[in-house]
Asks: 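Before I ask anything, here is the structure I am working with.
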Amino acid sequence: MSTPETPSHPRHQLAEDLAHPVRFSMAAALAATDETEFAVLRDHLQVSDSVLSRQASALEAAGIVRIRKGYIGKRPRTWLSLTKAGRETWARHLAALQAIASGS
């Protein structure tokens, strides 16, 4: 238990929404770019369409990921990006992991 003199353990700063390995990997990939096409992200993460769709929808509901649909010619496309809040969540999550790994 944390007292005013003792800071809480960094694990309390971890984002529950990023605990799933696919969600974590998706956030990491999206953090490195402004926007990524669904198929490119799917292939990079080596998951099926349904797995990526389900996890992306969960992160969208949490306000971490933005899903944008459109067309290239007559072909439908889906793009994903981190929201501003998603980038902040990712940064906090990484900082907490680094603090835990360093023994802080």
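Just so it is clear, the values below take in all heavy atoms, side chains as well, and ignore hydrogens, waters and symmetry mates.
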Asks: Determine whether Gln13 and Arg92 satisfy the following criterion, side-chain hydrogen bond (donor to acceptor under 3.5 Å, both in side chains), listing intermediate values before the conclusion.
Replies: CA-CA 7 Å; Gln13 299 303 313; Arg92 279 193 311 275; 5.3 Å; no

Asks: Is there a donor-acceptor contact under 3.5 Å from the side chain of Thr78 to the main chain of Lys69?
Replies: no

Asks: Do Leu52 and Met26 come close enough that some side-chain heavy atom pair is under 4.5 Å?
Replies: yes

Asks: If every non-hydrogen atom of Ala27 is compared with every non-hydrogen atom of Leu18, which pair is closest and at what distance?
Replies: CB-CD2, 3.8 Å

Asks: Who pairs with Ser25 by side chain to side chain donor-acceptor pair (under 3.5 Å), at least two apart in sequence or on another chain?
Replies: none

Asks: Nearest heavy-atom pair of Ala58 and Arg23: which atoms, and what distance?
Replies: CB-NH2, 3.4 Å

Asks: Sort and list the pairs that fulfil ring pair (Phe, Tyr, Trp, His ring centres under 6.0 Å) and have at least one residue in residues 20-58, not counting sequence neighbours.
Replies: Phe24-Trp90, Phe24-His93

Asks: Which atom names give the shortest non-hydrogen contact between Ala85 and Gly63, and what distance separates them?
Replies: CB-O, 4.0 Å

Asks: With side chains defined as the heavy atoms from C-beta onward, is the minimum distance between Val22 and Val47 less than 4.5 Å?
Replies: yes

Asks: At what distance, to the nearest 0.5 angstrom, does CG of Leu59 lie from OG1 of Thr89?
Replies: 9.5 Å

Asks: Could Arg68 and Glu35 be called an ion pair, given the rule that one side-chain N must be under 4.0 Å from one carboxylate O?
Replies: yes

Asks: Would a distance-only check, ignoring hydrogens and angles, find a side-chain to backbone donor-acceptor pair under 3.5 Å from Ser57 to Ser53?
Replies: yes

Asks: Share the residues that join Ile72 in a hydrophobic cluster, the rule being Ile, Leu, Val, Met, Phe, Trp or Tyr side chains under 4.5 Å apart at the heavy-atom level.
Replies: Trp79

Asks: Between atom CG of Asp43 and atom CD of Glu37, what is the distance when rounded to the nearest 0.5 Å?
Replies: 9.0 Å

Asks: Is a donor on one side and an acceptor on the other found under 3.5 Å between the side chain of Arg87 and the backbone of Ala31?
Replies: yes

Asks: Quick one: pull up CD in Gln55 and CG in Asp17 and give me the separation to the nearest 0.5 Å.
Replies: 10.5 Å

Asks: How far does CG of Leu30 sit from CG of Leu82, to the nearest 0.5 angstrom?
Replies: 5.0 Å

Asks: Hey, what do you get for CD1 (Ile100) to NE2 (His9), rounding to the nearest 0.5 Å?
Replies: 5.5 Å

Asks: Starting at OG1 of Thr36, measure out to CG of Leu41 and round the result to the nearest 0.5 Å.
Replies: 6.0 Å

Asks: Which heavy atom in Ala96 sits nearest to a heavy atom in Pro10, and how many Å separate them?
Replies: CB-O, 3.4 Å

Asks: Can you confirm whether Leu97 sits close enough to Leu14 that some side-chain heavy atom of one is under 4.5 Å from a side-chain heavy atom of the other?
Replies: yes

Asks: Count I, L, V, M, F, W, Y as connected when their side-chain heavy atoms are under 4.5 Å apart, and connections chain through other members. Are Val65 and Val40 then in the same cluster?
Replies: no

